[in-house]
Amino acid sequence: VSDPLLARLRDVVGAAQVLTDPDVLATYGTDWTRRFHGAPRFVVRPGGTAELAAVLAECHAAGVPVVPQGGNTSLVGGATPAAGEAVLSLARLDDLGEIDVVAGDVLAGAGVTLARLQETARAHGLRFGVDLASRDSATLGGMAATNAGGIHVLRHGMMRAQVAGIEAVLADGSVLSRLSLAGKDNTGYDLASLLVGSEGTLAVISRLRLRLVPDPPHRAVALAGFATLADLLATVAHVRDALPSLEAAALVREHTGVGAPLQGDWPLYVLFEAAGREPQELLLAEAVLDAPVPPGDAVVAADGPTQARLWAYRERHTESVNAAGVPHKFDVAVPLGALAEFVAKVEPGIRAHAPAARVITFGHVAEGNLHVNVLGVPDEAEHAVAESVLGLVAGLGGSISAEHGIGLAKRDWLHLTRPPADIAAMRALKAALDGRGILNPNVLFPAPG
Ligand code: MLT
Ligand code: ZN
């Protein structure tokens with residue numbers, strides 16, 4: 001292709017790192033759920049911060065919009081290009097520095113996968129506070145840009161809580177560097193925190209200084225079956241209060257390809273995980289069984305392989321939902337006091353517009369975060385189904401995105417839980433940092449018109 005921009009980009013990153021083959025482009029242009037598609041104009045893969053800065057300067061000068069992409073594991077179309085947009089792959093920014101055991105942190109490139117960081121940290125008796133099922137593909141830059149949550153939010157918080165510093169490149173190619181080694185830094189606007197959760201709309205994250213946490217020697221996992229949501233919520237509240245070492249309380253609903261976890265069939269399951277300096281098996285078992293209304297049945301695992309088998313019930317949801325069809329995913333949170341009302345109303349609300357739809361709900365119950373996955377939504381019912389789920393959430397005082405972000409999927413509903421002044425302030429930031437609107441211009445804000 002004789003496009004002058006492509007020629008300049010080839011000079012910057014090398015010809016092999018500017019991709020134009022339509023088959024290759026298609027893989028970058030399709031999201032994990034296959035719901036969102038785009039034909040990228042090209043894919044460019046810079047190999048470090050200097051190349052990234054030069055690539056952005058070129059795209060900025062040419063007015064070509066770019067969609068930053070890490071492991072392409074967005075579940076809301078946050079990294080899928082629209083026609084005419086290029087994909088800026090950060091996969092080659094994969095330098096992982098030495099673990100600083102004294103400070104308890106590490107400097108990592110945006111393209112380092114979560115699994116690689118976890119493995120490296122564990123070799124030093126540490127680990128990273130965020131974990132999620134897509135760990136083998138999800139990259140740290142994308143996780144920060146979307147403020148990813150995952151399975152251990154209860155104990156360690158979301159991605160924002162792990163980020164000690166960020167280096168990022170602005171739309172025009174200038175480099176922001178907030179990677180200070182100082183443990184404390186109180187020198188004005190917290191730009192690193194601002195970029196976390198900005199979904200690639202304000203700058204492109206190139207490197208991160210990430211906090212690590214101790215890796216406790218003892219871990220236990222329990223799976224408990226419940227007859228009602230009220231019993232389940234009472235038990236979760238009890239276990240959370242009784243067990244400070246609790247790391248996860250995950251709602252498990254449907255499973256495919258794995259045998260039944262417990263005797264009997266329960267409509268609801270919760271997976272609990274605890275980790276600490278002392279053996280956790282008995283502590284966890286006691287906390288679960290001492291609940292005011294103990295579960296109908298429960299199993300506790302202290303050894304790694306059995307724990308992994310129990311976690312599979314929770315972690316395989318996404319792939320089994322994707323295998324069953326192209327899902328409409330609603331990643332919402334409601335106050336715990338409103339969870340029962342939400343669960344009672346959400347399916348009838350969906351069925352009113354899509355009578356044949358299949359609804360699969362799982363999530364992170366301690367945070368009131370439910371992943372409502374809807375299969376079999378006819379095109380003409382898409383808008384009404386989204387309106388019904390997200391309207392219900394907003395009416396109950398919840399959030400239309402608990403952890404996946406807004407992306408393309410929920411931009412038309414941002415107003416439901418962010419007032420006009422918030423949206424105006426966010427737009428003003430976008431205009432100040434990316435006046436030409438070349439950074440992921442289609443996500444987060446409502447579509448024009
Ligand atoms: C999960 O909790 O497993 C993730 O958020 C993925 C999903 O919602 O499918
Ligand atoms: Zn989740």
Side-chain angles (χ1 to χ4, degrees), residues 31-36 70-80 113-115 118 129-139 142-161 197 199 221 223 236 247-258 268-273 308 310-334 339 342 346 358-375 377 386 389-390 393 398-410:
D31 83 317
W32 192 16
T33 66
R34 291 155 295 139
R35 184 174 161 211
F36 298 99
N72 200 10
T73 56
S74 172
L75 292 168
V76 291
T80 309
T113 63
L114 172 59
Q118 293 283 21
V130 171
D131 195 15
L132 26 92
S134 55
R135 58 185 73 80
D136 290 328
S137 309
T139 56
M143 288 172 62
T146 57
N147 190 25
I151 57 182
H152 291 147
V153 171
L154 173 63
R155 182 88 178 258
H156 300 296
M158 294 176 57
M159 197 67 187
R160 183 173 282 113
E199 302 193 16
V221 173
L223 190 71
V236 169
E247 301 234 306
L251 182 67
V252 180
R253 272 297 282 279
E254 289 225 349
H255 45 87
T256 317
V258 256
L268 300 161
Y269 296 89
V270 174
L271 184 143
F272 294 100
E273 184 174 47
L310 292 183
W311 263 116
Y313 287 106
R314 173 60 180 77
E315 295 204 327
R316 287 199 185 168
H317 281 304
T318 311
E319 63 186 68
S320 50
V321 167
N322 283 352
V326 175
H328 285 243
K329 295 181 83 82
F330 299 100
D331 156 46
V332 299
V334 293
L339 204 65
F342 177 77
V346 69
R358 184 169 160 216
V359 182
I360 301 157
T361 304
F362 57 95
H364 312 271
V365 67
E367 293 93 47
N369 172 194
L370 295 184
H371 296 310
V372 181
N373 291 254
V374 191
L375 291 167
V377 180
V389 177
L390 301 177
V393 167
S399 169
I400 64 162
S401 173
E403 63 175 10
H404 298 166
I406 298 294
L408 296 172
K410 282 175 272 180

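Both counts, for ligands and for their atoms, begin at 1 and track the order of listing. Reckoned from all heavy atoms, side chains included, excluding hydrogens, waters and symmetry mates. Note that the structure is a prediction, hence the values are computed from the model and not measured.
At least one N/O/S atom of Glu403, from backbone or side chain, sits under 2.8 Å from the Zn ion (ligand 2). Not one N, O or S atom of His404 sits under 2.8 Å from the Zn ion (ligand 2).
Taking any N or O of His371, backbone or side chain, at least one lies under 3.5 Å from an N or O belonging to ligand 1.
Paired with Phe36 under the rule side chain to side chain contact (heavy atoms under 4.5 Å, CB included), one option of Val326, Thr80, Leu75, Val76 passes, and it is Thr80.
Of all protein heavy atoms, the one closest to atom 8 (O) of ligand 1 is His404 CE1, 3.1 Å. Protein heavy atom nearest atom 7 (C) of ligand 1, with residue, atom name and distance: Thr318 OG1, 3.4 Å.
Using bins of under 30°, 30° to 60° and over 60° for the plane-to-plane angle, the ring pair His371/His404 lands in the parallel bin. Aromatic ring orientation, His152 versus Trp311: perpendicular (interplanar angle above 60°, classes split at 30° and 60°).
Rounding to the nearest 0.5 angstrom, the gap separating the CD atom in Glu403 from the CG atom in Asn369 is 5.0 Å.
The shortest separation from a heavy atom of Leu75 to ligand 1 is under 4.0 Å, placing the residue in contact. Ligand 1 has Glu403 within reach: a non-hydrogen atom of the residue lies less than 4.0 Å from it.
For the residue pair Asn322 and Trp32, the shortest heavy atom distance occurs at ND2-O, 3.6 Å. Counting all heavy atoms, side chain and backbone alike, Ala366 lies closest to Val236 at CA-CG1, 4.4 Å.
Here Glu315 has no heavy atoms under 4.0 Å from ligand 1, in either its backbone or its side chain.
The distance from ligand 1 to the heavy atoms of His364 drops below 4.0 Å at these ligand atoms: 2 (O). For ligand 1, the atoms closer than 4.0 angstrom to any heavy atom of Arg314 are 1 (C), 2 (O), 3 (O).
The residues Arg135 and Asp131 are annotated as salt-bridged, a charged nitrogen and a carboxylate oxygen being separated by less than 4.0 angstrom.
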